[in-house]
Number of protein chains: 2
Amino acid sequence: MRDSELADIRNLPLFRSMTEQNFVSLTRAAYDQTFPPQVKLIEEGAMADFLHIVVEGSVELFAGWRDRETTLAVVRPVSTFILAACIKDAPYLMSARTLEKTRIILVPSVDLRATFRIDPEFAMATISELAMSYRSVVRHAKDLKLRNARERLAAYVLRQSQMANGAVGFVLPIEKRLLASFLGITPESLSRAMKSLQEVGAKVDGQRVIITDRKALEAYAQPTALIDGPEYEGSAGFDLPDARAEAEAIGL
Amino acid sequence: MRDSELADIRNLPLFRSMTEQNFVSLTRAAYDQTFPPQVKLIEEGAMADFLHIVVEGSVELFAGWRDRETTLAVVRPVSTFILAACIKDAPYLMSARTLEKTRIILVPSVDLRATFRIDPEFAMATISELAMSYRSVVRHAKDLKLRNARERLAAYVLRQSQMANGAVGFVLPIEKRLLASFLGITPESLSRAMKSLQEVGAKVDGQRVIITDRKALEAYAQPTALIDGPEYEGSAGFDLPDARAEAEAIGL
DNA sequence: TTGCATGATTGACTTATGTTAAGTGCATGG
DNA sequence: CCATGCACTTAACATAAGTCAATCATGCAA
């Protein structure tokens, strides 16, 4: 494992406060691996043998039932995922696949469980991480149950804008079919919802989103911290990655 | 606080393994209170000052947005709720109201946080509890995103039957409007969905549910552990309470 | 370059679910 | 006892979202 990666991992809220000794032994037990795009890393139902940490690339967390599939999150560097399954020593509830060439650190969950037994600071960090993840999924459930498709999309656009420091324009960080699946709708519905956003203050052109009337969009989406975040520290959060702000789009 | 209650609480997975001393000091800081039906215990957005433990009665956890409301869980004795908000010292994401006359133990979240810093066993139990809660909400999200209303209802019926030791008949443990809200639909839709279940092996008559053709119902609902549980230890799980099995209904 | 695969869009249509508005039945309290 | 309220049901209708199919755009490979 490279030093720069180690430093990045060490800096995650989950690992930041543990003793150096425990961090070293935990990461020594770990190994890293690089995967091509579209490789299934985890099959839901399998036993949770490893905590995963994305250090390069991106990973989709999804779940299936019968012939249906839904995206639950897209994870970007540097973040951990499927912590809860590792802790409970239980089957994964989600599958994971790489979206691009991706580098993953794998920490055996047995070492993980051993470590927070002996390192109180790590235990505290784990508690904090899990509480955050929990709240994140609760927000997702509220979003799904309280808003319709267009409202969810509008709120998503405002969230992305927020994360891009309030930028008026940004580029969608993921494919639209993934966004649709995350929002719980079909790509066709997303397409239509995007067009209809023009009536309430946002325009989508290809990958580019531009907020044409923030007041109107906010009046429509009624964003609230109790559904839309803010999301906290960079890990297993139940959300999609930040949009990169579009320099050109600012000031439109 | 009564001794029998203390014993019940002590027996919860969350408190079972901590030292007696810490348990005593934690519960000494706590107090209990009895509320009439339909009292709002928690307002979402408020700061999480207390961990709540239901020892008698029942509590609905719900959330609102604009003029809409949705039920996220119904909690029955003896269980804790809103642990995550207490840990993060953050605003509640859900509101809570009593459904009937209800007795609640309130543990100041500041004492809670102090305690798992000094009691590793309690920290471990908290980790386990949070991981379980997290998985529970993930299941709920999967249920919502992967199944339609009728499938969710069918799966719910099978889950309840399972919890009633595979009973063929049981009584709905909550009002239908609550069940509808939990399933993410209107009461009218639930009514129709219930009638239409007859075609796939279940009949609803008032509060009574009878599985007329389990094979058919299972073929339709396709229950899976990765969505439908089993739910684990009796706490903050994201589900509705067990149905009581109906003795008379068995064998129909 | 051409050809192909994949994602995105669009339109016509179907279906699921919500809405509105009566009703029914049951429980509760005067 | 009746009257009121509330949960639940039912029906007619409206709307949101899914489905299917065709088309377009884009990027990549031959």
Side-chain angles (χ1 to χ4, degrees), chain A residues 36-38 60 62 65-71 74 97 99-101 143-156 171-200 203-209 220-221, chain B residues 36-38 58 60 65-71 74 97 99-101 143-156 171-200 203-209 220-221:
Chain A
Q38 300 299 330
E60 178 193 3
F62 64 101
W65 183 72
R66 303 175 78 164
D67 59 345
R68 299 169 210 170
E69 245 183 49
T70 189
T71 302
V74 173
R97 70 166 78 95
L99 292 174
E100 52 193 308
K101 183 158 172 279
D143 195 35
L144 290 166
K145 293 181 84 171
L146 291 168
R147 289 177 172 148
N148 66 27
R150 197 162 64 157
E151 288 162 349
R152 292 201 291 281
L153 175 60
Y156 171 82
V171 172
L172 288 174
I174 53 165
E175 284 180 355
K176 288 181 183 167
R177 39 175 281 278
L178 278 182
L179 176 56
S181 180
F182 178 73
L183 295 176
I185 56 179
T186 60
E188 293 93 328
S189 289
L190 178 64
S191 228
R192 282 186 273 264
M194 280 177 160
K195 206 158 31 163
S196 78
L197 272 197
Q198 293 192 40
E199 299 160 22
V200 290
K203 220 180 83 164
V204 180
D205 177 38
Q207 291 278 103
R208 184 162 304 153
V209 181
Y220 179 73
Chain B
Q38 299 300 329
S58 54
E60 177 193 3
W65 183 71
R66 301 175 80 165
D67 60 345
R68 299 168 210 171
E69 244 182 50
T70 189
T71 302
V74 173
R97 69 166 78 97
L99 291 173
E100 53 194 307
K101 183 157 171 278
D143 195 35
L144 290 166
K145 293 181 84 172
L146 291 168
R147 289 176 171 149
N148 66 26
R150 197 161 64 156
E151 287 161 350
R152 291 201 292 280
L153 175 60
Y156 171 82
V171 172
L172 288 175
I174 53 165
E175 285 181 352
K176 287 181 184 166
R177 40 175 279 277
L178 279 182
L179 176 56
S181 180
F182 178 73
L183 295 176
I185 56 178
T186 59
E188 292 92 332
S189 289
L190 179 63
S191 230
R192 283 187 277 263
M194 280 176 160
K195 203 155 37 159
S196 78
L197 273 197
Q198 293 192 39
E199 299 159 21
V200 290
K203 221 180 87 191
V204 179
D205 177 39
Q207 292 278 103
R208 184 163 303 154
V209 180
Y220 179 73

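Sequence lines set the chain letters: A, B, ... in the order given, protein chains first and strands last, and positions in each chain run from 1.
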Could you tell me the separation between the [atom1] atom of [X] and the [atom2] atom of [N], rounded to a whole number of Å?
{"X": "B/Leu99", "N": "D/dC6", "atom1": "CG", "atom2": "P", "answer": "16 Å"}
{"X": "A/Met194", "N": "D/dA17", "atom1": "CE", "atom2": "C1'", "answer": "16 Å"}
{"X": "B/Ile174", "N": "D/dC6", "atom1": "CD1", "atom2": "C1'", "answer": "17 Å"}
{"X": "A/Leu144", "N": "D/dA16", "atom1": "CG", "atom2": "P", "answer": "18 Å"}
{"X": "B/Leu183", "N": "C/dG18", "atom1": "CG", "atom2": "P", "answer": "11 Å"}
{"X": "A/Glu175", "N": "C/dA8", "atom1": "CD", "atom2": "C1'", "answer": "10 Å"}
{"X": "A/Gln38", "N": "C/dA5", "atom1": "CD", "atom2": "P", "answer": "17 Å"}
{"X": "A/Lys195", "N": "C/dA8", "atom1": "NZ", "atom2": "P", "answer": "16 Å"}

Among [options], the nucleotide that comes nearest once only the side chain of [X] is considered:
{"X": "A/Lys176", "options": "D/dG18, D/dT9, C/dA8", "result": "C/dA8"}
{"X": "A/Glu188", "options": "D/dA16, D/dA11, D/dT19", "result": "D/dT19"}
{"X": "B/Arg177", "options": "D/dA17, C/dG7, D/dA7", "result": "D/dA7"}
{"X": "B/Ala149", "options": "D/dG18, D/dC8, C/dT17", "result": "C/dT17"}

Original post:
Heavy-atom distance under 4.5 Å between the side chains of A/Arg150 and A/Glu199, does that happen here?
Top reply: yes

In Å, rounded to the nearest 0.5 Å, how long is the span from [atom1] of [X] to [atom2] of [Y]?
{"X": "B/Asp143", "Y": "A/Leu144", "atom1": "CG", "atom2": "CG", "value": "11.5 Å"}
{"X": "B/Arg97", "Y": "B/Leu99", "atom1": "CZ", "atom2": "CG", "value": "7.5 Å"}
{"X": "A/Leu172", "Y": "A/Met194", "atom1": "CG", "atom2": "CE", "value": "5.0 Å"}

Original post:
What's the verdict on side-chain contact (heavy atoms from CB on, under 4.5 Å) for B/Val204 and B/Lys176, showing C-alpha distance, side-chain angles and the deciding distance?
Top reply: CA-CA 11 Å; B/Val204 179; B/Lys176 287 181 184 166; 4.1 Å; yes

Original post:
OP1 or OP2 of C/dT17 sitting under 4.0 Å from any side-chain N/O of B/Ser189?
Top reply: no

Subject >> D/dG18 phosphate, OP1 or OP2, under 4.0 Å from A/Thr186 side-chain N/O >> reply: yes

Subject >> Under-3.5 Å donor-acceptor pair between A/Arg192 side chain and D/dT19 base >> reply: yes

